[in-house]
Amino acid sequence: MKKLIDLTDRSSDQWVQMGSTEKPTLIREKKISSDVVVVGGGMAGICAAVSAARNGIKVVLVQDRAVLGGNASSEIRVIVHGVTKLKSGLPERETGILEEILLLNRFCNEQHSFTVWDHVLYDFVTRESNITLMMNTQAVRSNTKDSKIESVLCWQLSTETLITLLAEQFIDCSGDGLMGATSGALYRTGREGKAEFNEKYAPDEPDGWQMGATILLSSKDMGKPMPFKAPPFTIKFDAEKTHPDRRIIPFVEGFWWVEIGSKGDIIGDAEIDRHRLMGYAYGVWDYVKNSGDFPEADNFALDWVGSLPGRRESRRFIGDYILSEPDQLSFKDFEDAVAFGGWPLDEHNPGGIENLSQPPSFWHEHFDKIYQIPFRSLYSKNISNLLFAGRNISQTHVSLSSSRVMGTCATMGQAVGTAAALCVKKEITPRELTQNHITELQEQLLRDDAFIPQRPANDTQNIANTADKIYASSTLSGDVKLLLDGVSRDENGEIHHWKSEGLDSELTFEWNDPIMLSSIEIKCDTNVKKNIMMLKNTRENEAYTTIIPPELLKSLSLELLVDGEWKNYETKDDNQRRLIKFNFDTIKISGFRIKMYETYGSENVKLFEVRCYK
Amino acid sequence: MINSLKITLSLLLPLWFLISFQTKSMAVKNINHKIVLKHPGEDIPVEVTLVEVQDSDGLPIAYFTDVESVICLEQVCKIVSVRIYWNNIGVYQKYELENGATLEKYEDDLFDPEDYKKLHTILANIDSPYKEVYLDEILTVVDEHTEDIDAVSGATALELDEKDTVPGAALTCFTLWHWVNGDIVSIIKNKTGESVSNKQLQQFLVDENETYFYIAIAELQKRKNYSKEFIDTIIKRGLKDDFLLRTAFNYLKGASVENYLYAAETLFFKGSREQKLTTTRSLINTDYKVSKGYLNNFSTQFSKLDYQEVSLLLELMQDKNPNSKVVIENVLPLLSGDFIIARRAYWFLNNETLTTKQEREIKCFYKKHKDKL
């Protein structure tokens with residue numbers, strides 16, 4: 001392995017341990033083998049690692065910071081947007097692993113604390129026994145042979161350790177994509193010209209502009225006048241010259257438009273840009289406090305100011321397909337669709353706050369429904385075992401302006417994690433998975449509560465639809481038969497649910513011929529048409545709920561019909577998930593009955609899917 | 001809050017086109033009710049006078065109240081008194097302004113005739129976005145973006161589709177919508193229930209609009225009136241409208257045991273599938289003691305029922321009428337029918353005390369189907 005600097009050379013290290021004559025040998029090198037390495041512990045990386053681990057393979061998750069969450073972490077504090085606002089004003093939540101995380105956060109972090117959120121994510125990852133989590137560790141170089149990554153060299157800051165990770169599949173969810181880049185994977189940066197992909201919002205000619213990074217801040221009301229003196233590195237905010245879209249009110253949660261873009265090496269300039277961004281952030285706050293235009297800010301003081309800019313764009317790898325603006329705007333139907341998005345085409349201006357005359361975002365278009373993301377955009381064209389998820393996927397700059405938001409990145413993460421697991425099990429490449437097993441990937445994702453628009457599940461292993469009798473104790477809306485139609489939400493105005501009239505309620509499946517069964521899986525309602533991500537300032541409204549979704553099923557039990565008698569198998573009194581699983585030793589039954597007792601507030605219970613497996 | 005710095009304007013122009021108030025000529029009596037209401041634009045509950053308009057028979061035919069619409073921005077607030085009308089089940093009908101009064105938008109723009117119509121439409125929409133809008137969202141937007149107050153994008157700024165608001169008058173829409181569609185609706189329903197006679201309640205029970213049925217049931221429960229006359233009417237309605245069965249049984253379970261059982265039997269035998277299932281569930285859950293003879297009679301229907309009905313009725317028999325010879329005799333023929341019903345019948349019979357002949361029958365069934373049991 002080529003090493004420009006031998007980081008393992010400790011020959012000059014003069015460690016003296018007081019109270020001992022020993023001079024310990026400092027071994028600072030490790031080699032770890034696993035099935036999959038995921039680099040990047042943001043929302044995409046977490047979902048990739050967890051989905052791969054749950055699909056039965058060993059995963060190492062590498063995160064270069066002390067906390068998980070990436071842009072969503074307490075270090076940066078960007079909202080986990082996804083399809084949070086369609087033209088209707090309502091969201092179309094992602095479900096899947098992200099849904100589990102957001103619900104867990106609701107249960108553990110009602111106070112919406114960012115530092116608690118960090119540890120909700122930590123809890124979520126570390127409870128997976130198949131994941132080895134490496135914090136404070138950066139993947140700095142790939143070792144590639146015959147267009148295949150064999151290992152990745154990592155530096156763990158906190159332990160001064162050089163770690164070599166060996167695996168079958170590598171997933172780059174790091175945003176900047178250093179691991180992928182050093183493997184030789186093709187990528188591009190900047191803006192495509194209009195002609196290349198027929199993008200109406202692209203510039204006429206290609207250029208290097210990348211959307212900028214932002215430093216956020218927040219403030220709080222101290223109940224008394226709070227003077228503010230700007231630090232020397234402050235850069236004055238020229239309010240006279242700014243485009244009116246740079247709104248100061250509400251000022252409490254900071255300004256997403258305090259952003260610096262780049263038309264060159266946005267990574268290489270990061271530290272210079274960070275310093276300037278801090279200057280701009282304080283400059284805007286100075287304007288709020290000292291311009292005299294905002295007397296309502298008199299009692300406010302800074303409560304938190306970011307030091308780590310949240311980056312929107314840098315490398316975009318090249319896959320077998322490059323997702324582009326026309327695909328999104330035309331809602332292109334992909335055979336290999338595995339993820340989805342729907343955030344507006346929110347392209348920020350070239351230069352950010354240094355381009356004051358233009359609006360901070362062009363908000364080119366909002367979507368009236370969600371678009372698909374193909375699997376071919378999620379693996380490398382030229383490195384055979386490299387997958388990616390997040391803002392670094394194979395797409396154009398304009399496409400990125402919508403798909404970069406973290407909820408959408410999470411759907412990609414779940415897709416690549418699941419795909420990597422299948423690749424390991426089948427000993428194939430992601431490309432071969434696309435060519436020969438894409439249905440299997442999609443079905444697994446749908447089973448795991450991911451959602452793929454316009455792609456109903458049709459899992460041949462699921463035997464729920466072989467039941468001879470399916471009936472409910474009551475029906476207020478929908479139909480029990482819709483629990484088998486493979487669509488796990490009401491979609492585009494069509495109903496795909498069954499809803500009880502009141503509680504308690506029962507749902508019964510029975511067979512003429514007894515069956516062998518070992519698993520029953522239910523998808524219940526959490527109202528995907530309301531946002532539940534963590535916000536700095538929450539309020540109940542048509543598109544957001546501040547509480548645990550009242551629709552969520554809280555208490556239920558499963559009864560199995562064995563020898564003519566209904567036997568209680570298990571009661572769950574404290575369910576916290578949309579996807580509810582009952583797993584048991586294989587048993588011969590003639591039917592099963594789901595008894596539902598309580599939701600977190602709704603009078604009725606709504607289900608979208610019931611599956612069962614031998 | 002919105003009541004700060006009120007300045008009453010002289011109200012000059014009568015602009016509102018009146019929707020004809022058809023019941024006006026029939027009204028003979030107005031009754032004033034002092035009520036206290038919470039309004040999301042007010043810090044503390046507000047007392048208002050709700051006027052109940054009754055006809056010559058004492059039937060409430062409408063309600064109205066006068067509220068203040070406050071147009072309050074920065075240092076200037078204006079108050080316009082608005083009279084809101086509802087029908088007798090709390091459905092908003094119209095609003096009227098004081099003679100000569102007019103509504104205004106931000107920055108002294110007057111409402112034009114289309115704005116008045118639109119406001120009426122907004123108030124009539126019980127699912128208006130104003131249901132979940134916050135006062136400070138409106139104030140923030142108005143404060144900062146005077147030129148575009150209802151179409152601002154941003155993290156917490158108010159965004160409303162133009163069809164859902166009168167641009168420039170979000171605060172008026174918000175204030176009035178909550179007066180019109182707030183707690184007062186349920187208060188009106190209660191008042192109507194309290195005011196009507198038993199004879200009028202009978203009419204409510206058969207009214208096509210089910211809201212009257214719900215008001216009547218709630219009122220009858222309050223009056224503890226479970227007379228046969230009402231029960232017969234409720235049974236008739238329950239036979240006609242499945243979706244009212246739960247409410248009906250909620251009432252019936254408070255009746256005397258005789259009347260409850262009479263209603264249950266009638267609904268089961270005269271009703272279709274939903275009536276049968278709802279009745280059977282009610283009988284499973286009732287605390288009343290139910291005689292064997294009564295339940296035996298239900299078992300005569302097994303051959304006419306589908307699987308879910310059979311299964312539930314057998315559950316009732318297992319629970320409240322075990323080892324009934326009549327039931328067993330009525331269940332035995334099911335062994336030779338549709339298999340899944342037969343299997344359910346078999347497992348029921350397997351737990352019953354049977355005659356030797358009956359034992360033979362179920363053993364025979366077992367031998368024949370043991371792989372499918």
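A note on names: the letters A, B, ... follow the listed sequences, proteins ahead of strands, and every chain is numbered from 1.
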K.L.:
Other residues, nucleotides and ligands only: do more than 12 of their heavy atoms fall within 6.0 Å of CD on B:E210?
P.N.:
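Counting other residues, nucleotides and ligands, CD of B:E210 exceeds 12 neighbours.
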
K.L.:
Any side-chain heavy atom of B:K131 within less than 4.5 Å of one from A:E542?
P.N.:
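No - every pair of side-chain heavy atoms lies 4.5 Å or more apart.
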
K.L.:
Sort B:Q318 into side chain, backbone, both or neither according to what part of it lies under 4.5 angstrom from a heavy atom of chain A.
P.N.:
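For B:Q318, there is no contact with chain A at all, as no heavy atom is under 4.5 Å.
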
K.L.:
If you count heavy-atom pairs under 4.5 Å with chain B, which of A:N541, A:N512, A:D513, A:L535 comes out on top?
P.N.:
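Among A:N541, A:N512, A:D513, A:L535, the one with the most close pairs to chain B is A:N512.
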
K.L.:
Supply the atom-to-atom distance A:W511 CH2 to B:K372 NZ, rounded to the nearest 0.5 angstrom.
P.N.:
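Result: 15.0 Å between the selected atoms.
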
K.L.:
Looking at side-chain heavy atoms only, is the closest gap between B:E274 and A:S474 below 4.5 Å?
P.N.:
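A side-chain contact under 4.5 Å is absent here.
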
K.L.:
Check whether any side-chain N or O of B:R281 sits under 3.5 Å from a backbone N or O of A:S473 as a donor-acceptor pair, and report yes or no.
P.N.:
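It does hold such a pair.
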
K.L.:
Would A:D468 and B:Y307 satisfy side chain to side chain contact (heavy atoms under 4.5 Å, CB included), going step by step from the backbone distance to the final call?
P.N.:
CA-CA 11 Å; A:D468 295 292; B:Y307 175 71; over 6 Å; no

K.L.:
Above 12 or not: heavy atoms from other molecules or residues under 6.0 Å from CD1 of B:I126?
P.N.:
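No, not enclosed.
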
K.L.:
Under a 4.5 Å heavy-atom cutoff, which of A:A543, A:A472, A:G89 has the most pairs with chain B?
P.N.:
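Option with the top pair count is A:A472.
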
K.L.:
How close do A:Y471 and B:S311 get, heavy atom to heavy atom, and via which atoms?
P.N.:
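Where A:Y471 meets B:S311 most closely, the heavy atoms are OH-OG, 3.9 Å.
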
K.L.:
Side chains of B:Q308 and A:K469: closer than 4.5 Å at any heavy-atom pair?
P.N.:
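Result no, sub-4.5 Å side-chain heavy-atom pair not found.
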
K.L.:
What part of B:L277 gets closer than 4.5 Å to chain A, counting heavy atoms only: side chain, backbone, both or neither?
P.N.:
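Neither the backbone nor the side chain of B:L277 comes within 4.5 Å of chain A.
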
K.L.:
State, with a plain yes or no, whether a side-chain heavy atom of A:L476 is found less than 4.5 Å away from one of B:F243.
P.N.:
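No, too far: nothing below the 4.5 Å cut-off.
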
K.L.:
Select one option (side chain, backbone, both, neither) describing which atoms of A:E501 are under 4.5 Å from chain B's heavy atoms.
P.N.:
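Both backbone and side chain of A:E501 come within 4.5 Å of chain B.
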
K.L.:
Is it the case that atom NZ in A:K567 sees more than 12 heavy atoms from other parts of the structure closer than 6.0 Å?
P.N.:
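Yes.
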
K.L.:
Would you find more than 12 non-hydrogen atoms of other residues, nucleotides or ligands less than 6.0 Å from A:K87 atom NZ?
P.N.:
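Yes, the 6.0 Å shell around NZ holds more than 12 heavy atoms from other groups.
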
K.L.:
Examine whether an atom of B:D371 lies under 4.5 Å from a heavy atom of chain A, and if so say whether it belongs to the side chain, the backbone or both; otherwise answer neither.
P.N.:
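Answer is backbone: N, CA, C or O of B:D371 sit under 4.5 Å from chain A.
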
K.L.:
More than 12 non-hydrogen atoms from neighbouring residues, nucleotides or ligands closer than 6.0 Å to NZ on A:K614, yes or no?
P.N.:
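At most 12 heavy atoms, drawn from other residues, nucleotides or ligands, come within 6.0 Å of this atom.
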
